[in-house]
Participant: 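Quick one: structure below, then a few questions.
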Number of protein chains: 2
Amino acid sequence: MTYAHYTLKDIAKALKLSPSTVSRALRDSHEISKETKVLVNDFAKKVNYRVNPIARGLKVRKSFSIGIIVSEIANNFFSQVVDGIESVAYAKNYQVVIAQTKESAERESLHVEQFYARSMDGILMAMSSETHNYEYLHDLIQRGFPIVFFDRVPQQLNSPKVITDNKKGAYEAVQYLANQGCKRIAHLTSSKKLSNSMERLAGYKLALMANHQEYEEKLVKYCDYGGLQQTEIEEALHELAKEQFDGIFISGDRLTTGYLQALKKFPGLISDQIPIAGFTNSDLVDIFSPSITAVRQSAFEMGKRAAELLIEQIEAKGAKPEYQTEVLPVSLIHFAE
Amino acid sequence: MTYAHYTLKDIAKALKLSPSTVSRALRDSHEISKETKVLVNDFAKKVNYRVNPIARGLKVRKSFSIGIIVSEIANNFFSQVVDGIESVAYAKNYQVVIAQTKESAERESLHVEQFYARSMDGILMAMSSETHNYEYLHDLIQRGFPIVFFDRVPQQLNSPKVITDNKKGAYEAVQYLANQGCKRIAHLTSSKKLSNSMERLAGYKLALMANHQEYEEKLVKYCDYGGLQQTEIEEALHELAKEQFDGIFISGDRLTTGYLQALKKFPGLISDQIPIAGFTNSDLVDIFSPSITAVRQSAFEMGKRAAELLIEQIEAKGAKPEYQTEVLPVSLIHFAE
DNA sequence: TTGAAAGCGCTAACAT
DNA sequence: ATGTTAGCGCTTTCAA
């Protein structure tokens, strides 16, 4: 290694102290004299000493790093969540490692495996839309490995969760469409396996009922990959084109943008005058065409809370945490033509 | 540690072998008998053994992880580069750690520091638009620490680089505008510190010349934070509104979308009929309004090549690599109204 | 072909 | 207040 660092030993030798004294001085232990601390710290600074986290991790069985698993960082919602996570992780000196599943259950479990094997101190994750096997996660959690779920969470697992008030968000979006005069509102959503989709579906139904509109199976289209494959959205669009709907509520970031793209690609198939309300945290909604009403999640806040819960859990060695589920608010934003 | 893993020792004890034999068997050493290998590997699989990379790293002085530094992952261009990097890193069993600078030089050096201290095997980075001090990077490189630069690269540093054919991309974009009949083409660009901006400016000038159009200082507006702050774009817009330009070439992802957003925000200030050509890798360009012509970079490919170069360098212990600069092609894509 | 022993850099009992 | 020692889990001489 040509770019070798100074080690504790080096400093100890140079200062004629023992490595343990140096270690303690560096970590400001109370059992070290003021003079020694000054001596050590000055020297350390001079030679630009950095503790080796690999060695430290091996010793204290901690890596001071946490893993994040999301479907893809290109999704604005997730990149905002990541920003939130980083804001607390960095403050507490944890490194964050991001992994993408691209909605593949296999990649997801591989990443969990990797994170576990690499001695991550804990994991923050939003499930892939494909996942249906929670067995291995259950095991991990049972064995005390800290995991906090956010956004897309597995109900059956007993671990802290941070989610959005999906039902309310959906309800308000559909209510808004109804207020605009829509009498037959379609719904485009993703996999039935996703917790948030199901909650949004519930909100959709509730709002229909509140407006004395009938719930019709054929007005609801599912995209199993959450729109990661544009073809599934295009198929849904062609299906929907057979129905006479006059408003549409869309359940996810990728689906919302995908719907707009499909409208463009098949002009005349579905009128772009039909009002659209959709979940999206894209920061480009204002330049979308046609204009839409966006249901925005508190993404940054979600990342923040999830990270806080995780680090609490990591640092509360042993003490079983309460497995609460935190619910964050949504907001509707309208964009004029 | 409640969620303890099996260790080499555990396996050795269970199989009545020595840890060294187990270690060798697991890594398929030629000096281990076929039978022992089978025995060990079967058992390892059974108990779901994973080597502890922390311990291994401490021993072999390698962490099998590489750091990525970009301004922000929300930027589609960078998220595509990251995808490219991951595609080769995972294949070679390296973990990737992503850090965002948000265009801050301070955060950038902090991240480099952190990566170095955490024994990353190497770094892949695109400079922040604020960076002007390359001293510490120079030192690191001198000491043999592997760094590969991409997209926004420091000319003065002697390290491998992967960039886009910016000059050509700019030239073609401006040529296209000229072909559309534009006689006075403005240019919106980012910091003068960024290598790619300067190359694009050169391409812009060249194309103007080729079309016998005069280069005018006042038609070129700089945004020091690359549009990360929307206000700087809005200011540029107000400045530009004073000029009679009939076409605009924009030099970056964030700037391109920011320009469109500013157009929306200040209707009437600048006609949205004025043709726009801009660098962007957004995968939502087709639903932007107004429509634009996009200059697309080979982002995925860039990540791939950069990662390959870095891993080559990491694994070519000592042997000084050739410090080539690789140039990747761009393509123009037009979107109809 | 296998094992014993040392050591990567650090921390934490346990001395002193 | 400081030092000694052992050991985290792994790899790697060196010896058998």
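Just so it is clear: chains get the letters A, B, ... in the order the sequence lines come, proteins before strands, and each one is counted from 1.
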Participant: Keeping the roles fixed (side chain from A/Ser128, backbone from A/Thr101), state whether a donor-acceptor pair exists under 3.5 Å.
Facilitator: no

Participant: Report the relative orientation of the aromatic rings in A/Tyr94 and A/Phe64; use parallel for angles under 30°, tilted for 30 to 60°, perpendicular for over 60°.
Facilitator: tilted

Participant: Let me spell it out: for each of A/Tyr49 and B/Thr36, pick the nucleotide of DNA chain C with the closest heavy atom. Which residue's pick is nearer the 5' end?
Facilitator: B/Thr36

Participant: Could you state the OH-P distance from A/Tyr6 to C/dG9, rounded to the nearest angstrom?
Facilitator: 14 Å

Participant: Would you indicate, yes or no, if C/dC10 has its OP1 or OP2 atom less than 4.0 angstrom from a side-chain nitrogen or oxygen of A/Ser23?
Facilitator: no

Participant: Test side-chain contact (heavy atoms from CB on, under 4.5 Å) on A/Phe145 and A/Val112 and set out the steps.
Facilitator: CA-CA 11 Å; A/Phe145 187 61; A/Val112 172; 5.6 Å; no

Participant: Expressed in angstrom and rounded to an integer, what is the separation of A/Ile11 atom CD1 from C/dC10 atom P?
Facilitator: 8 Å

Participant: Expressed as a whole number of angstroms, how long is the span from A/Leu26:CG to D/dT2:P?
Facilitator: 14 Å

Participant: With B/Lys46 as the cation and B/Phe43 as the aromatic partner, state whether NZ or CZ is under 6.0 Å from the six-membered ring centre and within 45° of the axis.
Facilitator: no

Participant: Among the candidates C/dT11, D/dG3, D/dG9, find the nucleotide nearest to the side-chain atoms of A/Leu17.
Facilitator: D/dG3

Participant: Over how many whole Å does the gap from B/Phe64 atom CZ to D/dG9 atom P extend?
Facilitator: 20 Å

Participant: Among D/dC10, D/dC8, D/dT2, which nucleotide sits nearest the side chain of B/Val51?
Facilitator: D/dC10

Participant: Could you please name the option among D/dG9, D/dT11, C/dC10 that lies closest to any side-chain atom of B/Arg56?
Facilitator: D/dT11

Participant: Tell me which nucleotide among C/dT2, C/dT11, C/dC10 gets nearest to the side chain of A/Val60.
Facilitator: C/dT11

Participant: Look at all strands and tell whether B/Ser20 reaches a base, only sugar-phosphate, or nothing, counting heavy atoms closer than 4.0 Å.
Facilitator: base

Participant: Measure from CD on B/Glu35 to C1' on C/dT1 and round the result to the nearest Å.
Facilitator: 10 Å

Participant: Please step through side-chain hydrogen bond (donor to acceptor under 3.5 Å, both in side chains) for the pair A/Arg143 and A/Tyr116, ending with a clear verdict.
Facilitator: CA-CA 12 Å; A/Arg143 282 145 76 193; A/Tyr116 183 57; 3.1 Å; yes

Participant: Salt bridge (Lys or Arg N to Asp or Glu O under 4.0 Å) for A/Arg152 and A/Glu103? Distances and angles first, verdict last.
Facilitator: CA-CA 12 Å; A/Arg152 302 152 160 209; A/Glu103 306 293 7; 3.0 Å; yes

Participant: Kindly point out which of D/dC10, C/dC10, C/dT11 is positioned nearest to the side chain of A/Arg27?
Facilitator: C/dT11

Participant: Is B/Ser18 near enough to C/dG3 that one of its side-chain N or O atoms lies under 4.0 angstrom from OP1 or OP2?
Facilitator: yes

Participant: Starting at atom CG of B/Leu39, determine the distance to atom P of C/dT1, rounded to an integer number of angstrom.
Facilitator: 16 Å

Participant: Calculate the interatomic distance between B/Arg50 atom CZ and D/dC10 atom P; express it in whole Å.
Facilitator: 13 Å

Participant: Is a donor-acceptor contact shorter than 3.5 angstrom present between the side chain of B/Lys59 and the base of C/dG7?
Facilitator: yes

Participant: Map B/Ala55 and B/Arg24 onto DNA chain D by nearest heavy atom, then report which one ends up closer to the 5' terminus.
Facilitator: B/Ala55

Participant: Please determine if a side-chain N or O atom of A/Thr21 lies less than 4.0 Å away from the OP1 or OP2 oxygen of D/dA1.
Facilitator: no

Participant: So does A/Lys9 get a side-chain nitrogen or oxygen closer than 4.0 Å to the phosphate oxygens (OP1/OP2) of C/dC8?
Facilitator: yes

Participant: Can you measure B/Glu31 atom CD to D/dT11 atom P for me and round it to whole angstrom units?
Facilitator: 13 Å

Participant: Of the nucleotides C/dT1, C/dG3, D/dG9, which one has an atom closest to the side chain of A/Leu58?
Facilitator: D/dG9

